[in-house]
Structures are given as C-alpha cells and as structure tokens.
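The structure displayed is predicted, hence computed values, not measured ones. Note that these values count all heavy atoms, side chains included, but never hydrogens, waters or copies made by symmetry. In listed order, ligands and their atoms are each counted from 1. This chain uses plain numbering: 1 for the first residue, then up along the sequence.
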Amino acid sequence: MTENLTSTLRQRIASDGPLSVADYMQAALLDPDHGYYSTQEPFGVDGDFITAPEISQMFGELIGLWAAVVWQGLGSPETIALVELGPGRGSLMSDVLRASRAVPDFSSAIEVHVIEASPRLRQIQRETLVGHDITWHDDIEGIPGVPSITIANEFLDALPIRQIIRAEDGWHERLVDWSGEHERFEWSQGDALTDLARHLPLPLAEKAKVGDIWEISTTARHAVTALSKRISLAGGAALIIDYGYAVSSLGDTLQAVRNHSSVSVFDAPGSADLTAHVDFAACAEIAAAAGALTHGPTTQRAFLRGLGIELRAARLAAAMKEKQRLEIESALARLIDPSEMGTLFKVMAITAPNSGAPPGL
Ligand code: SAH
C-alpha cells in the first residue's frame, strides 16, 4: 500500500517536477487511498504516538471546564458553537462534553462542530461521540457565524509546511525529488526565491547562514486567519495546544514518527506520521492582523497547573486503588513534567479584542 504512494509520487515528480515539502506532506498524510490519516491507526500504545487526551481524561475535563468559564465570560449565550479542529479519535471532545455537564446551561447551549479531513477518523469520531449531535465540516469557513469556542490539540502541527533553505545566492525553496540512480527520494532546491522569503522575520534573515532552513505553513496561517476573523466578528475564543516555539526560529523540524520512534521523512510515505513544529509567534502575528487578541503562549505545564490539574489528580487518586493511583500519577507526570510534554507543548488562546485573558493564560 505504501509502495503505491511512493510510486504515485515518483510518477508525479517525473511528470511535473520536484514537489514542495507541503505537497509531499499533504499526500503523505491525506492522500485518500494511501495517506497516513486515511489508512493508519495513529493513536495509542499500539499506534505511532500518544496525544494528551489519550493519556488521561483529566486533560479534556479541565478543557471542558475552561470552556464553561469562557462561555460565562461571553455572557452565557444561549447557543455556542463548540468547535474542534482535527479530533483524532474524538476522546478530547468526549471528555469536554462530559465535564461540561457540571454547568448544565453551558452543556445545553453547545452545538458541536468538527473539522476533520479523514473519512476514516470521522467514522471513529462518530462512534466515540455517539448520542451527541455533531456536524462535520471540511474547513473553518463552513461553520455558522455564531459565538464559538474552538479547541485545536495537535492539529496545526499536522498541516503542511513549506521550507526554504539559504544558499550562497539567497533563499531557495527546498523540494522533494526522486533519484532514479538511487531509487529513492532526495532533497533538491528550486530556483532562487521566492514569494515565501518575504514572510521571513528580519532578525532571522540577518543571522541565517548557508544551509539554514526556515519553515512556513501557509495552510496553518490560513486556518488561524479564518479562526481569528470569526472570533473578532462573532465573539468567542480558540485554544491552540501544540508543540512548537514561542519565538520564530530557523531550523528543520519536519519529522516522521512510526511506532513511537523517529524515522526518515522519506521512508514509506503514508505509513508514518509527519509533523512540524508550530510557530506560535507567527500565529500571534496573524491573529492580530485579523483583528483578534492572543494570550500566551504559555507552557502546557503552566496552563494545566493553572487550571488545577494537580488537585484534580489528587482527588481522583484518593478514591482509587494503588494500581490506578500510580496510573494517575504517571499520566500527570507525562502531561506536565518538563522532560515530557510539560514545556515542549505550548498553549495559546485567541479572543476578541475586548476580552480579558481566559483561565490559565
Ligand atoms: N486532536 C487529536 C488528534 C491530533 S492528530 C488528539 O489530540 O488526539 C491530527 C488530526 O487532524 C487528525 O484527526 C487528522 O485527521 C486531522 N487533520 C490533519 N490535517 C487536516 C486537515 N488539513 N484538515 C482537517 N483535519 C486534518
């Protein structure tokens, strides 16, 4: 099956020339027949990686209460669109909806909207969220223009990036080519560049050396712009949680992960997850340009501790037997320890310009 994507991409390169990193990533992740999210089971111990909501229900429960407080801050509107971008197995939404029942008026105001590209994952979400009324959309523009609370955990890192590389004569786009001689993908460079370099922050342009790489995700920029416009017009908030950098940086962060291990990004595309770090500084700039306010980024550790995750873990543990108590302690450590997800993962909120900072930020 993965052989097929390699040969499809090889033929595409033979007829159209080398691919941008974004085109390669898009095909590897979402090709309808062979893409990673279309065909593989990414999540959990038997999958390729574990996300925070799959580690512990505490994560989604706290975000559910976060959403309830944000809703109250909006004046408790009668209807609120609760939107999730890329829900994976649907665990986070399921935990959020369960926790929201603690605030019944909030719970009954919720209309759930989900953005999901993979038909296979849509089906799993349908099963996880059975009993709830959910509307699926292909993109953010499809969601009705009402006040909304949007959650995006490990969504932006899955969106295609383009890379540019500094050569002696300036910036070039980094491309994926096929080597007939070696029978494998290999890196190449496009003609001297390019429309992308104009987005490069000046301090980075000044310090870049030959061989340095800079990444930009036009898809992520488009998503953040659409979210921010909705929020500044109709009200609401968005919570973005992902790994990435708070300050724009140079560097190649494209990575492939299979079975919890790092593999080459060219190794059997479609069979491994491909991601890149999120540039939170760029997200904040784009949100501001679209008329919204941003809060953070802060670390996942500071955010979850600010929402009281340690107290929640202690309460849960108190009612449990030794084995489950240890499981809760270990889940807590995975979520907040600096050596685990605690500091690599960042949290940023987007709100309308007249709003205060949401809880935890
Ligand atoms: N939020 C989940 C899953 C993260 S994996 C969790 O925390 O467990 C990324 C998710 O985004 C998957 O559901 C994937 O199918 C979806 N996705 C990736 N690219 C997408 C795109 N361009 N449009 C919509 N959904 C996308």
Exercise. Is any NZ, NE, NH1 or NH2 atom of the basic residue among E310 and R305 found under 4.0 Å from an Asp or Glu carboxylate oxygen of the other?
Worked result: yes
For this session: For atom 18 (C) of ligand 1, find the nearest protein heavy atom and state the residue, atom name and distance (0.1 Å precision).
Result: A158 CB, 4.0 Å
For this session: Tell me, please: is L30 in heavy-atom contact with ligand 1, that is, under 4.0 Å?
Result: yes
Problem set entry | Numbered atoms and elements of ligand 1 in range of L121, under 4.0 angstrom, heavy atoms | 12 (C), 13 (O), 15 (O)
Exercise. So is E154 polar-close to ligand 1, meaning N/O to N/O under 3.5 Å?
Worked result: no
Exercise. So which heavy atom in the protein is nearest atom 6 (C) of ligand 1, and how far is it from that ligand atom?
Worked result: T51 OG1, 3.4 Å
Exercise. When you look at D138 and R122, which way does the salt bridge (Lys or Arg N to Asp or Glu O under 4.0 Å) test go after all the steps?
Worked result: CA-CA 11 Å; D138 292 331; R122 280 190 184 195; 2.9 Å; yes
Exercise. Any Lys/Arg nitrogen of E329 or R325 sitting under 4.0 Å from an Asp/Glu carboxylate oxygen of the other?
Worked result: no
Problem set entry | Top protein contact for atom 15 (O) of ligand 1, by heavy-atom distance | E116 OE2, 2.6 Å
For this session: Examine F43 against ligand 1 and note whether any of their N/O atoms are separated by less than 3.5 Å.
Result: no
For this session: Count the heavy atoms belonging to other residues, nucleotides or ligands that lie under 6.0 Å from CD of Q189, then report whether that count exceeds 12.
Result: yes
Problem set entry | Shortest protein contact, atom 11 (O) of ligand 1 (heavy atom only) | G86 CA, 3.3 Å
For this session: Answer yes if the ring centres of F280 and Y245 are under 6.0 angstrom apart, and no otherwise.
Result: no
Exercise. In terms of side-chain geometry, is the basic nitrogen of R258 or D267 positioned less than 4.0 Å from the acidic oxygen of its partner?
Worked result: yes
Problem set entry | Backbone or side-chain N or O of Y37 under 3.5 Å from ligand 1 N or O | no
Exercise. Under a 4.0 Å heavy-atom limit, does P53 contact ligand 1 with its side chain, its backbone, both, or neither?
Worked result: side chain
Exercise. Does L92 come within less than 4.0 Å of ligand 1, judged by its heavy atoms?
Worked result: no
For this session: Compute the shortest N/O to N/O distance between G88 and ligand 1 and return yes if it is under 3.5 Å, no if not.
Result: yes
For this session: Identify, for atom 26 (C) of ligand 1, the protein heavy atom at the shortest distance, and state residue, atom and that distance.
Result: F155 CE1, 3.6 Å
For this session: Answer yes or no: does an N/O atom from D138 fall short of 3.5 Å to an N/O atom of ligand 1?
Result: no
Problem set entry | Audit row: R174, I213, side chain to side chain contact (heavy atoms under 4.5 Å, CB included) steps and yes/no | CA-CA 8 Å; R174 203 172 184 222; I213 287 171; 3.5 Å; yes
Exercise. At what distance is the nearest protein heavy atom to atom 24 (C) of ligand 1, and which residue and atom is it?
Worked result: A117 N, 3.3 Å
Exercise. Any idea which part of L29 is under 4.0 Å from ligand 1, heavy-atom wise: side chain, backbone, both or neither?
Worked result: neither
Problem set entry | Basic-acidic side-chain contact under 4.0 Å: R120, E41 | yes
Seminar exercise, completed: the protein heavy atom lying closest to atom 22 (N) of ligand 1 turns out to be L159 CD2, 3.5 Å
Problem set entry | Geometric class of the F266/F185 ring pair [parallel <30°, tilted 30-60°, perpendicular >60°] | tilted
For this session: Assess whether atom CZ of R315 is packed by more than 12 heavy atoms of other residues, nucleotides or ligands within 6.0 Å.
Result: no
Problem set entry | Note, Y37 side chain near L121 side chain (heavy atom, < 4.5 Å) | yes
Exercise. If you measure from atom 1 (N) of ligand 1 to every heavy atom of T219, N153, T275, which option wins on shortest distance?
Worked result: N153
